[in-house]
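Here the structure is laid out as structure tokens; the discussion comes afterwards.
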Amino acid sequence: MAQAESSIVVRETVGGASGPLLLIHGGAGSYGKHSTPERHEQVRRDLKRALDAGWVLLAAGAPATEAVCAAIHVMEDAEEFNAGRGAALTSQGKAQMDACLMTGEDGEVGAVAGVTTARHPIDAARAVKELTKHVLFAHPDDAQLHEWGVETEDPQYFITEARRQSLADAQTGGDVWEKHGTIGAVARDAQGHVAAATSTGGITNQLPGRVGDSPLPGCGTYAADDSAAISCTGIGEAFVKEVAAHQVADRMRFAGQSASEAASAALDGVARHHGDGGMIVLPAQGAGVFAFNSEMMNRGWMDDSGFGVEA
């Protein structure tokens, strides 16, 4: 497993302190040997499309849940990110995807792990939240997904040539964990409610059945109106050990830390577990925060004052 060389955390504060605001990430880690200017530009375009999809709903007064799901849909369909089509491949060459959705107003949450046919894994997570009395489903089959009204695709739909190459590189050149691409979105709506969503294909060459932080409430995804909405990305095992997303919320609730301070402290803990990555944090009251201790984090934000995208 790659180790974080430093616990230095890059922190950025974006957007207004009140009113609708949307933050997204497209994964954190290192740029990698296949990085090109053309790929960076495509990532920027896809991030902007995701922001547009979510913001048009927030601006019209839609709930934060609708905005984060709309943004995630765009990124799940974009091959540049490690979620949906273009998901990282397991050691057996399969796409095995996880997702989670949580709403801050009521504390309700739904998640799925190991889905192989849901075109938009975030829709499967939302179905668990809204249509069942449970929180987390592992490996829901097509019959279950169809009952929930979730669109499905053949497993081959999710596999791209770029991900095949990443898997081949990992298996022939050493078990290099691909650390960027997981996607996430957090939003605050006009009513002041927050929501968080995360979707991922995991890590290249992971063992079949491995589950990271993304679908685990409180680890990679969390939302509560009394603190913040958080979506994480990076080496999932380290975020699980830190219970990173919930830790950020608790630091804000009980220690009185700002979103920026809480995110930095949680990422220091991730580094102590030999991991790196980042998170987006959106308080119910306050500006949004990007924080990462990796080389990079694809990210973007939008509110009624403007937007920003970095890739």
Side-chain angles (χ1 to χ4, degrees), residues 25 64-65 68-69 72-73 75-76 82-84 87-88 90 94-152 155 158 182-186 194-203 206-225 227-250 266 275 277 279-280:
H25 69 73
T65 299
V68 295
C69 287
I72 292 291
H73 281 174
M75 293 189 284
E76 285 177 332
N82 174 14
T90 70
K94 299 178 180 179
Q96 173 189 289
M97 300 165 288
D98 308 329
C100 183
L101 172 67
M102 188 166 185
T103 47
E105 179 181 10
D106 53 14
E108 292 299 317
V109 60
V112 290
V115 295
T116 58
T117 61
R119 176 169 181 169
H120 295 120
I122 196 63
D123 287 350
R126 184 172 185 173
V128 173
K129 173 181 174 292
E130 297 180 354
L131 302 179
T132 81
K133 60 182 180 181
H134 306 300
V135 168
L136 174 62
F137 271 70
H139 310 293
D141 60 17
D142 279 3
Q144 183 68 78
L145 293 172
H146 291 158
E147 182 180 332
W148 291 337
V150 175
E151 183 180 0
T152 59
F158 303 96
T182 292
I183 62 173
V186 294
V194 295
T198 312
S199 183
T200 186
I203 296 175
Q206 67 183 19
L207 293 176
R210 177 259 183 187
V211 177
D213 64 310
S214 297
L216 302 182
C219 294
T221 311
Y222 188 73
D225 278 2
S227 50
I230 304 107
S231 175
C232 303
T233 173
I235 298 297
E237 282 71 7
F239 284 81
V240 171
K241 292 170 185 175
E242 277 295 293
V243 197
H246 194 274
Q247 180 186 145
V248 170
D250 276 354
M279 59 178 64
I280 52 179

Closer than 3.5 angstrom, by distance alone: can the side chain of Asn82 be matched with the main-chain N or O of Ala87 as a donor-acceptor pair?
no
Judged by modelled atom types alone, do Ser231 and Thr198 share a side-chain donor-acceptor pair under 3.5 Å?
yes
Using the test ring-ring contact (aromatic ring centres under 6.0 Å, His included), find all partners of Tyr222 that sit at least two apart in sequence or belong to another chain.
His246
4.5 Å side-chain heavy-atom contact, Glu237 and Arg210:
yes
Spatial distance of atom SG (Cys232) from atom CD1 (Ile280) [nearest 0.5 Å]
9.0 Å
If you compare all heavy atoms of Ala127 against all heavy atoms of Val150, which two are closest, and at what distance to 0.1 Å?
CB-CG2, 4.3 Å
Going by the rule side chain to side chain contact (heavy atoms under 4.5 Å, CB included), which residues pair with Ala83 if we only count those two or more places apart in sequence or in a different chain?
Glu76, Ile183, Ser199
One should read off an interatomic distance between Met97 CE and Arg119 CZ, to the nearest 0.5 angstrom, of 11.5 Å
How long is the straight-line distance from CG of Leu136 back to SG of Cys100, given to the nearest 0.5 Å?
8.5 Å
According to the ring pair (Phe, Tyr, Trp, His ring centres under 6.0 Å) rule, which pairs have a member within residues 101-136, sequence neighbours left out?
His73-His120, His134-Phe137
Can you tell me how far apart SG (Cys69) and CG (Leu101) are? Round to the nearest 0.5 Å.
4.5 Å
According to side-chain hydrogen bond (donor to acceptor under 3.5 Å, both in side chains), who are the partners of His139, at least two apart in sequence or on a separate chain?
none
Set of residues satisfying side chain to side chain contact (heavy atoms under 4.5 Å, CB included) with respect to Val240, sequence neighbours excluded
Asp213, Leu216, Cys219
Quick one: list whatever passes side-chain hydrogen bond (donor to acceptor under 3.5 Å, both in side chains) with Thr200, sequence neighbours left out.
Thr182
Residue pairs passing the salt bridge (Lys or Arg N to Asp or Glu O under 4.0 Å) test where at least one lies in residues 105-116, sequence neighbours excluded:
none
Taking all non-hydrogen atoms of both residues, which atom of Ala118 and which atom of Pro121 are closest, and how far apart?
O-CD, 3.5 Å
Please, which pairs that meet salt bridge (Lys or Arg N to Asp or Glu O under 4.0 Å) have at least one residue in residues 127-146, sequence neighbours excluded?
Arg126-Glu130
Can any side-chain N or O of Asp98 pair as donor or acceptor with the backbone N or O of Val211 at less than 3.5 Å?
no
My understanding is that only residues two or more places apart in sequence, or in another chain, count here; which of them pass side-chain hydrogen bond (donor to acceptor under 3.5 Å, both in side chains) with Gln247?
Glu242, Arg251
Might you point out which heavy atoms bring Met279 and Ala266 nearest each other, and give the distance in Å?
CE-CB, 4.1 Å
Got a sec, which residues hit side chain to side chain contact (heavy atoms under 4.5 Å, CB included) with Ala196, two or more places apart in sequence or on another chain?
Val186, Thr221, Ala223, Ala229
Residues Val109 and Pro217: closest non-hydrogen pair is CG2-CG, 3.7 Å
Sorted by chain and number, sequence neighbours left out, side chain to side chain contact (heavy atoms under 4.5 Å, CB included) with Leu207 holds for Ser91
Roughly how far, to the nearest 0.5 Å, is CZ of Phe158 from OG1 of Thr116?
7.5 Å
Can you list the residues that meet the side-chain hydrogen bond (donor to acceptor under 3.5 Å, both in side chains) rule with Thr90, with sequence neighbours excluded?
none
Looking at every heavy atom in both Phe239 and Gly234, which two are closest together, and how far apart are they?
CE1-CA, 4.0 Å
Restricting to non-hydrogen atoms, name the atom on Ile72 and the atom on Ala185 that form the minimum distance, rounded to 0.1 Å.
CD1-N, 3.9 Å
